[in-house]
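These values consider heavy atoms only, across backbone and side chains, with no hydrogens, waters or symmetry-generated copies. Only a predicted model underlies this, so the values are computations on that prediction, with no experimental measurement involved. Both counts, for ligands and for their atoms, begin at 1 and track the order of listing.
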Amino acid sequence: MKILKFGGTSVGSIENLQKVKDILTTDGEKKIVVCSAMSGVTDQLVNLVEYIKLKDADAITRSLHQLETKHHNVVDVLIKDTSIRNGVKEQVSLTITEMFELSNQLHVENLSARIVTYGETLLTYIFSNFLTAVNVPNILLNAQDFMHVDSVENPNIEKVSTRLQEILDKEDSQLYITQGFVCKDHLGQIDTLKRGGSDYSATIIGAAMKAEEVQIWTDIDGLHNNDPRYVEGTNPIAHLTYNEAAELAYFGAKILHPQTVSPVVDSNIPVLLKNTFDPAAYGTIISNKTHKKGLKAISAKDGITAIKIKSNRMLMAHGYLRRIFEVFDNYHTSIDMITTSEIAISLTIDNTSHIDDIRKEIEGYAEVTVEDNHSIICIVGESVINDHNSHKLFEILNYIPVRMISYGGSNNNISLLVETKDKIQTLRFLNEKLFLTHKEAVI
Ligand code: ADP
Ligand code: ASP
Ligand code: MG
């Protein structure tokens with residue numbers, strides 16, 4: 001069995017949904033297909049949650065009306081059979097009514113997760129019926145029946161596996177369609193796998209089913225060696241190890257949800273990144289095999305806060321770092337980068353919800369400076385610190401004020417901390433220096 005996931009753009013228009021159908025019908029292999037919402041829909045639903053909280057009745061009605069029209073328009077063109085088409089449109093309207101009713105119940109548990117996951121519910125319903133209408137037999141699975149992960153960070157794969165297998169045993173098919181993004185928490189409440197979480201849904205399902213492979217279909221031909229949104233002339237990487245892909249995803253490569261890789265590492269299931277608009281392109285294969293050592297790719301993670309903790313008492317004293325780390329631990333705040341000197345320590349966090357408490361506690365014995373709006377630039381590749389080109393990255397110091405550098409924490413990652421306003425220049429400079437070495441750097 002293979003798991004195929006199609007992202008927002010891939011299912012975002014009538015034309016693209018036809019392409020997805022073609023990809024699914026090239027062979028008769030057994031598949032579970034995980035779909036996102038149509039592109040833009042989850043953003044709209046996130047806004048809708050805000051209108052609900054503000055009790056803005058006009059905005060709620062407008063927003064639900066737009067969602068209904070958008071999905072009806074797709075059904076109108078996609079499904080030729082009149083009776084199937086009318087039935088699907090009616091069901092879309094019923095779902096919109098359900099959302100409207102929910103929007104009047106502010107006290108409902110997990111209202112936000114319930115609302116934002118409707119995008120996947122609507123799209124998979126339409127897509128499954130479209131496939132049926134063009135004689136592609138399939139079964140629509142409700143992910144809420146089996147994605148009982150308990151914890152988003154550490155999903156209970158066994159539980160998902162047992163539930164899903166029970167369902168599949170009852171309803172045999174070569175093709176199943178289900179929703180990404182949605183899950184249930186340890187209380188059985190609807191939750192989400194966080195923005196971009198359908199990638200993670202696919203690998204959780206892949207691990208639960210011990211799938212042959214997981215394919216993530218998107219709008220680009222694999223994971224590129226730099227962020228194509230900011231840098232021109234990036235290239236897809238044919239092979240990545242799980243570790244390399246996990247680092248790049250965690251440190252901002254938007255093509256993958258940060259946790260995508262973790263569920264499949266132990267069972268050694270390959271993850272293929274493929275382009276819906278160019279299925280013949282090789283894409284990227286993520287597996288446990290190392291094809292090439294050295295520098296592979298650069299990514300950037302925004303929303304980083306740098307904290308400098310300075311105290312003369314640190315000089316020659318032991319136990320100081322433990323005391324500082326304990327404060328972060330007590331507030332469940334994880335640290336990404338660290339550098340130290342004799343009397344100061346600088347570190348970064350991305351979750352600032354407890355920053356005031358942390359600051360107050362540490363200010364009892366040290367001077368604390370907090371600077372937000374930073375980005376971590378991550379240079380990744382197995383043994384990257386031994387790559388003969390890597391030294392060139394330090395030339396960046398001539399051009400950009402680098403706040404921190406982390407080198408040697410592992411062999412596979414070098415990280416720089418810069419102000420977010422300097423992120424794009426840094427990515428471009430590093431691209432020139434590290435990948436296009438024959439050219440002079442232009443920033
Ligand atoms: P989907 O909706 O299919 O999940 P995403 O928008 O989440 O797609 O991810 C694909 C996008 O990720 C690409 O269009 C590209 O702009 C962006 N991206 C950022 N960094 C990278 C990278 N290193 N390689 C490939 N794509 C990247
Ligand atoms: N639809 C969700 C989002 O936009 C999940 C996903 O696309 O992976 O975040
Ligand atoms: Mg995505």
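Note on ligand 1: L273 sits outside its first shell, no heavy atom being nearer than 4.0 Å. Heavy-atom separations between G222 and ligand 1 include at least one value shorter than 4.0 Å.
Look at K184 and D191 and you find no salt bridge, because none of the NZ, NE, NH1 or NH2 atoms lies under 4.0 Å from a carboxylate O. A salt bridge is absent between E382 and K296; no separation between the charged side-chain nitrogens and carboxylate oxygens falls under 4.0 Å. Look at K89 and D76 and you find a salt bridge, because one of the NZ, NE, NH1 or NH2 atoms lies within 4.0 Å of a carboxylate O, short of that distance. D199 and K5 are joined by a salt bridge, as a carboxylate oxygen and a charged side-chain nitrogen come within less than 4.0 angstrom of each other. Using a cutoff of 4.0 Å between basic side-chain nitrogens and carboxylate oxygens, K301 and D336 are scored as salt-bridged.
Annotation: K194, atom NZ; neighbour count of heavy atoms from other residues, nucleotides and ligands within 6.0 Å is above 12. The environment of H291 atom NE2 is dense: over 12 non-hydrogen atoms of other residues, nucleotides or ligands sit within 6.0 angstrom.
Ligand 1 has no nitrogen or oxygen under 3.5 angstrom from a nitrogen or oxygen of A253. Remark: ligand 1 and T218 share an N or O pair separated by less than 3.5 Å (distance only, no angle test).
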Item to check | Worked verdict on K170 versus E166 for salt bridge (Lys or Arg N to Asp or Glu O under 4.0 Å) | outcome: CA-CA 7 Å; K170 273 190 229 136; E166 266 171 29; 5.3 Å; no
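Proximity of K254 to ligand 1, defined as any heavy-atom pair under 4.0 Å, is shared by backbone and side chain alike. Contact annotation: for K5 versus ligand 1, heavy atoms closer than 4.0 Å belong to the side chain alone. If you look at S299 next to ligand 1, there are no close heavy atoms at all, none under 4.0 Å. In N225, neither the side chain nor the backbone holds a heavy atom less than 4.0 Å from any atom of ligand 1.
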For ligand 2, list every N/O pair with the protein closer than 3.5 Å, one pair per line with the distance.
| residue | atom | partner | partner atom | Å |
| --- | --- | --- | --- | --- |
| ligand 2 | 1 (N) | T42 | OG1 | 2.8 |
| ligand 2 | 1 (N) | E120 | OE2 | 2.6 |
| ligand 2 | 4 (O) | T42 | OG1 | 3.3 |
| ligand 2 | 4 (O) | R195 | NH2 | 3.0 |
| ligand 2 | 7 (O) | S36 | OG | 3.2 |
| ligand 2 | 8 (O) | G196 | O | 3.4 |
| ligand 2 | 8 (O) | G197 | N | 3.3 |
| ligand 2 | 8 (O) | S198 | N | 3.0 |
| ligand 2 | 8 (O) | S198 | OG | 3.0 |
| ligand 2 | 9 (O) | R195 | NE | 2.7 |
| ligand 2 | 9 (O) | G196 | N | 2.7 |

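Regarding atom 2 (O) of ligand 1, its nearest protein heavy-atom neighbour is G8 N, 3.1 Å. Nearest protein heavy-atom neighbour of atom 24 (N) of ligand 1: H224 N, 2.8 Å. In this structure, atom 16 (O) of ligand 1 lies nearest to the protein heavy atom R229 CG, 3.3 Å. Of all protein heavy atoms, the one closest to atom 15 (C) of ligand 1 is P228 CG, 4.0 Å.
Counting only residues at least two apart or on different chains, the side-chain hydrogen bond (donor to acceptor under 3.5 Å, both in side chains) pairs with a member in residues 125-139 are S128-N138, T132-N138.
Applying the ring-ring contact (aromatic ring centres under 6.0 Å, His included) criterion to H354, with sequence neighbours excluded, gives Y331. For D27, the side-chain contact (heavy atoms from CB on, under 4.5 Å) criterion is met by E29, K31, not counting sequence neighbours.
With distances taken over non-hydrogen atoms, the option nearest atom 12 (O) of ligand 1 out of V11, T42, I255 is I255.
For ligand 1, the atoms sitting less than 4.0 Å from at least one non-hydrogen atom of N226 are 23 (N), numbered in the order shown with element in parentheses. Remark: ligand 1 atoms within the under-4.0 Å shell around heavy atoms of D219 are 10 (C), 11 (C), 13 (C), 14 (O).
Remark: side-chain polar atoms of R85 are paired, donor with acceptor, to backbone N or O of K80 under 3.5 angstrom.
D302 and S375 share a donor-acceptor pair across their side chains, judged by distance under 3.5 Å alone.
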